[in-house]
Amino acid sequence: MILCCGEALIDMLPRTTTGGEGAFAPHAGGAVFNTAIALGRLGTPTGYFGGLSHDLFGQLLETNLAASNVDSRLAPRSDRPTTLAFVTLTDGQAQYAFYDENTAGRMLRAEDLPTLTDEVSALFFGGISLVGEPAADAYKALALREASRLPVMIDPNIRPGFITDEARYRARLDTMLAVSDIVKISDEDLHWLGTTPQGLLASGGPKLVLLTRGAQGVEAHIGAGSFEVPAQKALVVDTVGAGDTFNAGLLAGLSREGLLSKAAIAEASPDMLSPAIELGARAAAVTVSRAGANPPWAEELA
């Protein structure tokens, strides 16, 4: 089981009622949540770990996880509220107002970390859950505790506007990247970090770095060099959840090929890695072809 560790929240999306009044509609989301949903739909045994609320929004998140075959039994529940992200559009650009103080997800602590059995085969981290404390430090503690035996993938998905303590965030990311096996990253992430794919590899942490470039495809970097995997053609409706779906497709592909172990990732050749990266690209192409973060089921990619 691949355990996805990080945020699950409710996006409150702007709508207009039949009476012409402005309103907001709740939709389950969050980068790590989206990756878990996509993995579950691809038929890979998947678990979710993050703080969930007993409130009606927490129940909505649980319902969505279960509907996509994601096991959430390791996620601690509390009576704290669910994180809400209210979205408004100005000239077509989305702006977010986050309500995250003292929420079930934000207040996750190191003492909430589960004991992982051999059922868990890999860990995935990323998104804004690596920003807000104390939860961010709990995820760091989990990565450090398990990295010696389990492969770790990180998608920083850096959002500078959410960062309140840059020094602590940079230190946390540096620590987690140093114990990772796979890093998926964008040009914007690299610019903010002040590094390159080669620099990440040279740091002694990740063995596989994937630079996603939208329609230009994916650059894969390993110790022996780099290679490219083209993007899949798609009529783009929106790009919400595309990167999250790519993460899921990659992990699902590695699992299917028997490559989801620390040793296999370190030793894999381009020919061995390409099918998993291609699956990630194919899955992401389906997601961008329809509105919202709505990743494909396995049969859609057959």
Looking at [atom1] of [X] and [atom2] of [Y], how far apart are the two atoms once the value is rounded to the nearest 0.5 Å?
X	Y	atom1	atom2	result
L3	T46	CG	OG1	9.5 Å
I128	R159	CD1	CZ	7.5 Å
L130	T175	CG	OG1	11.5 Å
S180	K262	OG	NZ	8.5 Å

Has [X] got a side-chain atom pairing as donor or acceptor with [Y]'s backbone, closer than 3.5 angstrom?
X	Y	result
S68	V70	no
S255	A252	no
S274	D271	no
S261	G258	no
Q232	A285	no

Output yes when [X] and [Y] qualify as a salt bridge under the 4.0 Å nitrogen-oxygen rule, no when they do not.
X	Y	answer
D55	R80	no
D137	R172	yes
E267	K207	no
R41	E299	no
D100	R106	yes
E278	R282	no
R213	E188	no

Non-hydrogen side-chain atoms of [X] and [Y] separated by less than 4.5 Å:
X	Y	result
I154	I185	no
L250	I277	yes
F246	T35	no
L9	D11	yes
L150	D181	no
T164	Y169	no
L251	T44	no
L84	F98	no

Can you name the closest pair of heavy atoms from [X] and [Y] and give their distance?
X	Y	answer
A220	L208	CB-CD1, 4.4 Å
G105	A135	O-CB, 3.3 Å
G214	A231	O-CB, 3.5 Å
I222	L273	CG2-CD1, 3.8 Å
V183	P156	CG1-CD, 4.4 Å
L108	G51	CD1-N, 4.1 Å

T103 and T83: side-chain donor and acceptor closer than 3.5 Å?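 The answer is yes; a qualifying pair exists.
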Row check, W192 ring normal vs R170 NZ/CZ: under 6.0 Å, within 45°: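 Satisfied, under 6.0 Å and within 45°.
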If you apply the rule salt bridge (charged side-chain N to carboxylate O under 4.0 Å, His left out), what do you find for E300 with R290, and how did you get there? CA-CA 13 Å; E300 296 180 76; R290 49 203 192 191; 2.9 Å; yes
Give the C-alpha distance, both sets of side-chain angles, the deciding distance and a yes or no for ring-ring contact (aromatic ring centres under 6.0 Å, His included) between Y96 and F86. CA-CA 6 Å; Y96 295 84; F86 282 80; over 10 Å; no
Counting heavy atoms not belonging to L235, are there more than 12 under 6.0 Å from its CG?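 12 or below, so no.
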